[in-house]
Every structure is written in structure tokens, then in C-alpha cells.
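The structure under discussion appears below in the form of C-alpha cells.
Counting starts at 1 for both ligands and their atoms, in listed order. One-based numbering along the sequence shown.
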Amino acid sequence: MLEAFENRLGPRTAALAAGADAVCIFVNDVADAEVLGLLASLGVRHVALRCAGFNNVDLEAAARLGLTVVRVPAYSPNAVAEHTIALILALNRRVYKAYNRVRDGNFSLDGLVGFDLAGKTAGIVGTGRIGAIVARLLWHFRSEVVCFDPIENPRVTELGMRYVEIAELWARSDLISLNCPLTPGTHHLVSATAVDAMKPGVMLVNTGRGALVDTVAVIDGLKTGQIGSLALDVYEEEAELFFEDRSGEVLTDDVFARLLTFPYVLITAHQGFLTREALAAIAETTLATLGDLEAGRPCPNELRAQR
Ligand code: NAI
């Protein structure tokens, strides 16, 4: 039997899982040691993530408590890669401004100047399933694509795209796309030092996870023009904001509010995955995985703590 709850999983809502064998959670649910301990004490045995990223789950605590954690490793990397390109094009050609202007009877072109992607250098950080597609799509735009990833992906090199050190990627790229997972090693990968090392006026795009970016450092970069434009589908503190209609509320996150004041900042609320195909694949894979666990079959989507 499936039972759906609107509430986000956290210490105060874990009790809702009483009587369940598994809980099925998403990107902004909290599955830290405390919450996993509560779930285990209620008899829950499995935690199924309806997403690829798993930075919100304490895998070591899960292992200690005997909880199995599974995810959907790849539901539609195209969905996220295509949204990344949508953000790049919309931000570069100021489509979000033009849309509102034309509807308002304002046909001025002031402030709408973009740049050709052809001939520009695009830096891709993380060339796994999603990043490799972003790289290939930008390659089709005739950008020069440079990549950074500790593990090289042959689908990238076979098109002639090159891997470089991160310092070279920061220094050379006109546009940078973050497509790596959030781990202790990638937390605030875009720091104040990284921003200073970037090409002045760079376009920064983050569809990975919010905390890949030190938002305050990026705001400082936007103020000085070191960062020319910014597109985000994820935000460090998004758990307190995203996936709800808050249009009637006062925005209390001053950092997020500051981001909204810049003319060349485009933010979507974690919708990179949101295509019909991806949603169907997420549901099918999650149900199949839970079926495997229930039947005691080997489960390729199980996550284990790295020792
Ligand atoms: P993946 O596991 O296929 O690829 C991740 C790549 O990042 C791997 O090649 C890995 O070697 C690389 N990597 C690890 N540490 C790195 C570092 N320090 N610097 C550069 N690269 C590094 O994952 P996939 O499917 O491509 O997803 C990437 C991330 O995108 C996910 O972890 C998730 O956080 C995010 N995502 C966002 C979605 C959205 O709706 N905005 C939806 C799905 C995923």
C-alpha cells in the first residue's frame, strides 16, 4: 500500500512513517542520523530516494541502523541537461526580460545584448550523465568546451573536448556549468577565491546542488561585475523555500532576496528534472526497486557509505 504525505521528512514528521516498511523521499527531505534513527525505531527498513543526488542522507548512519537506501541514479539526464541549456539561452539572450517587456508594450532593446555561444569557451564541472550531455549540446553550438572531472568520460573525449585542471577552467571559461554532485569535497567549490580566478563577466550556471556555490561570494562577484550573469536551478537554502507557493509570504531569506535584485540573475526552483519522461522513469524505477527489496532480489540502485 502507498500512502502520500505533503509534509517534508524531518525530526517532527518522521512519526508519520509508523507502520511503513519504506519511506520515499525527495531532495529537500532531511534524512540525517537523528531522522534515520527515528525511522528505524518505527520499524522502517528502506529509504527510497526519488532522485539521483543523495547528499541529504547520512549513509553511514543508515548502515549502522540496518536501513537500506536506494535512489534513481538516472531517470533522464537529458531533462536536466536540456534545462541547463534553457537557462543558458534564456539568461544570455535576456528572454525573461524580453517576455515581460513585450507584454507591457515596451519594445526597447536596451539591456538585452547577449553573446554568441559559438566561439566562446564553456567550462563543464562534472561530466557524468548530465554534464556529458551539457558538454555535447554546447559543442553542437560550436563552443569550445573544456571539462573538469576526476574521472574522464570517453563520450566527452571522443568528440574532441578536453579535460583541464580546475584552475584553467575557471580562468578560461566564458560560461561555467556545475554538474557534479554535492559532497564534502565539492561543498562551496565556487568560493570567493574561485570567483576571483574566473574570467571577468563570466556566466555561472548551477543545476547541480545549491551548496556547490558559496552564495555570498557569488553575490559579491555579481556586485563587482566579476560574475556577469548567474543562472540557478538550485540554492543552498532551498529547503526552506522551494516546492511551495510562498507568493503571499514575506521573504525572510535576505541572501536569496539580494539575488533577486540583480538584472542578470535567472532562478528556477529546482525544476531541472521536471519532464513527463523523467517523472515516469522516477516512478517506475522507484516502484521496481522497492519490489526488488521486498523480494530480496539484488538491487543495483542501492547506495552504500564510502569507507
Ligand atoms: P553522475 O554521477 O552521472 O556524474 C557526476 C560526475 O561528477 C561524475 O563524473 C563524477 O566523477 C563527477 N565529480 C565528482 N566530484 C567532482 C569534482 N570535485 N569536480 C568535478 N567533477 C566531479 O551524476 P549526474 O546524473 O550527472 O548528476 C549530477 C548531479 O546533478 C547530481 O549529483 C545532482 O546533484 C544534480 N541533479 C540535479 C537535478 C535538478 O533537477 N536540478 C536533477 C538530477 C541531478
Side-chain angles (χ1 to χ4, degrees), residues 25-29 49-57 59 69 71-88 122-138 145-157 161-170 173 176-191 194 197 204-214 231-236 238-239 241-243 266-282 285-286 300-304 306:
I25 64 173
F26 198 47
V27 288
N28 289 330
D29 290 298
L49 288 147
R50 299 192 301 281
C51 51
F54 51 89
N55 49 286
N56 52 336
V57 182
L59 291 179
V69 182
R71 65 167 174 158
V72 186
Y75 38 89
S76 173
N78 288 296
V80 187
E82 289 169 19
H83 189 68
T84 305
I85 298 296
L87 287 174
I88 292 168
I124 314 298
V125 181
T127 53
R129 297 175 187 88
I130 296 168
I133 300 174
V134 174
R136 180 167 47 78
L137 292 172
L138 287 166
V145 181
V146 292
C147 305
F148 174 75
D149 193 313
I151 301 167
E152 295 197 2
N153 184 341
R155 281 184 299 157
V156 166
T157 45
M161 293 181 273
R162 290 194 308 110
Y163 282 89
V164 295
E165 289 303 319
I166 193 80
E168 185 179 341
L169 187 147
W170 294 151
S173 302
I176 295 171
S177 175
L178 304 179
N179 298 106
C180 60
L182 176 62
T183 63
T186 60
H187 184 265
H188 284 190
L189 181 73
V190 176
S191 59
L204 179 65
V205 182
N206 184 11
T207 58
R209 281 291 180 270
L212 294 174
V213 163
D214 177 346
L232 300 177
D233 186 47
V234 285
Y235 169 61
E236 265 184 297
E238 69 175 52
L241 290 172
F242 287 5
F243 304 134
L266 177 57
I267 305 177
T268 52
H270 208 142
Q271 66 175 77
F273 68 98
L274 202 60
T275 64
R276 276 190 287 277
E277 293 77 4
L279 291 174
I282 289 169
T285 305
T286 304
N301 299 333
E302 185 172 342
L303 287 166
R304 292 178 199 279
Q306 305 281 328

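- P181 CD, 3.7 Å is the protein heavy atom nearest to atom 14 (C) of ligand 1.
- Using a 4.0 Å heavy-atom cutoff, V80 is listed among the residues neighbouring ligand 1.
- The atoms of ligand 1 that sit less than 4.0 Å from any heavy atom of V125 are 20 (C).
- In this pair, F243 and F26 present their aromatic rings tilted. The plane angle is within the 30 to 60° band.
- Ranking protein heavy atoms by distance to atom 37 (C) of ligand 1, first place goes to T207 O, 3.2 Å.
- Remark: distances from the non-hydrogen atoms of A74 to ligand 1 are all 4.0 Å or more.
- At least one heavy atom of Y75 sits less than 4.0 Å from an atom of ligand 1.
- Within the 4.0 Å heavy-atom shell around ligand 1 one does not find P77.
- Looking at V234 next to ligand 1, no N or O pair under 3.5 Å apart turns up.
- Residues L138 and I124 form a side-chain contact, since some pair of their non-hydrogen atoms from C-beta on lies under 4.5 Å apart.
- Of the possible donor and acceptor atoms, one in the side chain of D233 sits under 3.5 Å from a partner among the backbone N and O of H270.
- Across P150, A269, G126, heavy-atom proximity to atom 16 (C) of ligand 1 is greatest for P150.
- Put simply, the side chain of T186 gets close to the backbone of P181: a donor and an acceptor are under 3.5 Å apart.
- Although no hydrogens or angles enter the test, the distance criterion places no donor-acceptor pair under 3.5 Å between the side chain of D214 and the main chain of H188.
- Side chain of R162 to main chain of V146: no donor-acceptor pair is present (N/O by atom type, distance under 3.5 Å, no hydrogens or angles).
- Here I130 has heavy atoms under 4.0 Å from ligand 1 in both its backbone and its side chain.
- Heavy-atom contacts of F148 reach the following atoms of ligand 1: 19 (N), 20 (C), 21 (N) (cutoff under 4.0 Å).
- In this structure, atom 23 (O) of ligand 1 lies nearest to the protein heavy atom R129 NH1, 4.1 Å.
- At least one donor-acceptor pair closer than 3.5 Å links the side chain of D149 to the backbone N or O of T127.
- Atoms of ligand 1 lying under 4.0 Å from any heavy atom of D233, numbered from 1 in the order shown and given with element: 39 (C), 40 (O), 41 (N).
- Under the 3.5 Å distance criterion, the side-chain polar atoms of N56 are matched with a main-chain donor or acceptor of D29.
- Shortest contact from atom 33 (C) of ligand 1 to any protein heavy atom: R209 NH1, 3.5 Å.
- You'll find the side chain of V125 reaches within 4.5 Å of the side chain of W170, heavy atoms only.
- Side-chain contact check for L59 versus F54: some heavy-atom pair is nearer than 4.5 Å.
- Smallest separation of non-hydrogen atoms from T285 and N301: CG2-ND2, 3.5 Å.
- Ligand 1 places these atoms under 4.0 Å from at least one heavy atom of T186: 17 (C), 18 (N).
- Closest to atom 29 (C) of ligand 1 by heavy atom, among G128, P73, C180, A52, is C180.
- Taking every heavy atom of G272 and a limit of under 4.0 angstrom, the matching atoms of ligand 1 come to 40 (O).
- Nearest protein heavy-atom neighbour of atom 9 (O) of ligand 1: D149 OD2, 2.7 Å.
- Contacts between N179 and ligand 1 below 4.0 angstrom, taking non-hydrogen atoms only, involve the backbone exclusively.
- Residues L279 and F273 form a side-chain contact, since some pair of their non-hydrogen atoms from C-beta on lies under 4.5 Å apart.
- Among all protein heavy atoms, the one lying closest to atom 35 (C) of ligand 1 is G208 O, 3.5 Å.
- With a 4.0 Å heavy-atom cut-off, ligand 1 is reached by no atom of H83.
- Of the residues T275, T207, N78, T268, the one that meets the side chain to side chain donor-acceptor pair (under 3.5 Å) test with H83 is T268.
- Below 3.5 Å of separation, one finds no N or O of Q271 facing any N or O of ligand 1.
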